[in-house]
Protein chains: 2
Amino acid sequence: MKKTILVYGISLAALVGLLRFVEYRFFIHDLSLEFYVGTVALLFTGLGIWAGQKLTRRRTVLVNPNFALNETELRRLAISPRELEVLELISKGLSNQEIADQLFVSVNTIKTHTSNLFLKLDVKRRTQAIQRAKELQFIP
Amino acid sequence: MKKTILVYGISLAALVGLLRFVEYRFFIHDLSLEFYVGTVALLFTGLGIWAGQKLTRRRTVLVNPNFALNETELRRLAISPRELEVLELISKGLSNQEIADQLFVSVNTIKTHTSNLFLKLDVKRRTQAIQRAKELQFIP
DNA sequence: GGAAAAATCACACCTTCGTATGAGGGCTTC
DNA sequence: GAAGCCCTCATACGAAGGTGTGATTTTTCC
């Protein structure tokens with residue numbers, strides 16, 4: 001988190017610097033204010049997406065009125081929030097690669113999560129994991 | 001089915017013949033009636049298992065009071081009984097090999113079924129197939 | 001601020017899954 | 001009895017999944 005904020009600050013400074021540089025170096029004073037503002041907006045939108053991604057990462061499980069998560073069992077099996085998240089995506093039929101893309105991590109990471117998950121759920125395959133997770137009310 | 005009945009009949013005749021042969025050839029008249037009856041029972045149990053296997057292969061889907069199979073959709077997608085059977089086993093978390101063992105066919109056959117199934121369900125993976133099958137009420 | 005837990009990633013290796021293609025036998029239906 | 005569907009099986013190949021090991025970074029919590 002500290003690193004995230006640091007990177008954000010540095011990027012911010014760097015972008016501002018770059019804009020100033022471009023502005024002076026290539027004599028684009030005559031470019032319209034709209035263009036300038038647009039560019040800034042665009043760049044900071046990207047930066048914002050990245051930072052928001054990092055900072056607001058879902059810590060709580062999604063709420064569903066018709067589904068009560070069995071947290072007792074979840075704790076008993078020592079399943080971490082991230083693992084539960086991966087489990088949900090597995091149950092939605094996503095591949096490891098797709099899960100990795102969605103969570104912005106590498107496939108290897110997902111494989112680690114699934115592997116640990118299978119150990120904790122005492123299963124051998126993702127299809128079994130889905131079954132088991134439903135039984136245990138980890139997923140709707 | 002005709003073939004099954006034929007094989008059953010032939011086997012039946014063959015076994016009776018074999019028993020008579022053994023009975024006379026090796027002078028085992030003195031073996032107890034219990035032994036004789038036991039042997040017959042054993043052999044015909046095996047034959048019965050085989051025939052029953054062949055003849056009573058589930059053509060109808062299992063009945064579950066809390067689950068109504070969506071047969072309309074099933075027909076619309078032209079999913080065959082065998083495919084549905086495989087689909088159910090997939091949803092139970094079984095591997096292709098395990099399904100093959102359970103249905104007494106080869107893995108290749110199961111692969112063919114699953115492949116056709118995925119086409120009809122318009123999915124790419126078995127986990128997706130499970131999701132889709134639940135949506136369509138093909139499985140509980 | 002240090003220990004513990006959680007999350008991240010890599011890489012090699014093996015297994016299982018899925019696709020493509022072709023083929024043969026059994027049953028139904030016209 | 002030919003056409004068509006279903007079920008069966010094979011083989012080969014590429015894609016995805018799963019295991020084992022080890023390591024670093026982040027986050028949490030006392």
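- DNA chain D lies under 4.0 Å from at least one heavy atom of each of the following residues of residues 115-135 of chain B: B/Arg125.
- Separation of atoms CG (B/Leu136) and CG (B/Leu74) is listed at 9.0 Å; rounding is to 0.5 Å.
- Between A/Thr109 and C/dC9 there is a side-chain N or O to OP1 or OP2 distance below 4.0 Å.
- Side chain of B/Thr114 to main chain of B/Ile110: a donor-acceptor pair is present (N/O by atom type, distance under 3.5 Å, no hydrogens or angles).
- Between A/Ala78 and B/Gln97, the one whose closest nucleotide on DNA chain C sits nearer the 5' end is A/Ala78.
- Atom NZ in B/Lys111 sits roughly 12 Å away from atom P in D/dA10 (whole-Å rounding).
- Note: CD1 (A/Ile99) to C1' (D/dG18) measures 13 Å, nearest angstrom.
- Minimum heavy-atom separation, B/Glu88 to B/Ile139: CG-CG2, 3.9 Å.
- Side-chain atoms of B/Thr112 come within donor-acceptor range of the base of D/dC9, with a qualifying N/O pair under 3.5 Å.
- Taking all atoms of both residues into account, the shortest heavy-atom contact from A/Leu87 to A/Ala133 is CD2-CB, 3.7 Å.
- The separation between A/Asn96 atom CG and C/dA10 atom P is 15 Å, rounded to whole Å.
- Contacts of B/Asn108 with the nucleic acid, taken as non-hydrogen atoms under 4.0 Å apart, include base atoms.
- Regarding contacts with the backbone of C/dA7, every side-chain N or O of A/His113 stays at 4.0 angstrom or more from both OP1 and OP2.
- As rounded to whole Å, 15 Å separates atom P of C/dA6 from atom CD of A/Glu85.
- What separates CG of A/Leu77 from C1' of C/dA6 is a distance of 17 Å, to the nearest Å.
- Looking only at distances, no side-chain donor or acceptor of B/Glu73 sits under 3.5 Å from a matching main-chain atom of B/Asn70.
- Whole-Å rounding puts the B/Arg82 CZ to C/dC27 P distance at 15 Å.
- As rounded to whole Å, 11 Å separates atom P of D/dG17 from atom CD1 of A/Ile110.
- Counting heavy atoms of neighbouring residues, nucleotides and ligands inside a 6.0 Å radius, atom NZ of B/Lys124 does not exceed 12 of them.
- Contact annotation: side chain of B/Thr114 to base of C/dC17, donor-acceptor pair absent below 3.5 Å.
- Without hydrogens or angle criteria, B/Arg125 side chain to A/Gly93 main chain gives a donor-acceptor distance under 3.5 Å.
- Remark: P of D/dC5 and CZ of B/Arg75 are 17 Å apart, rounded to the nearest angstrom.
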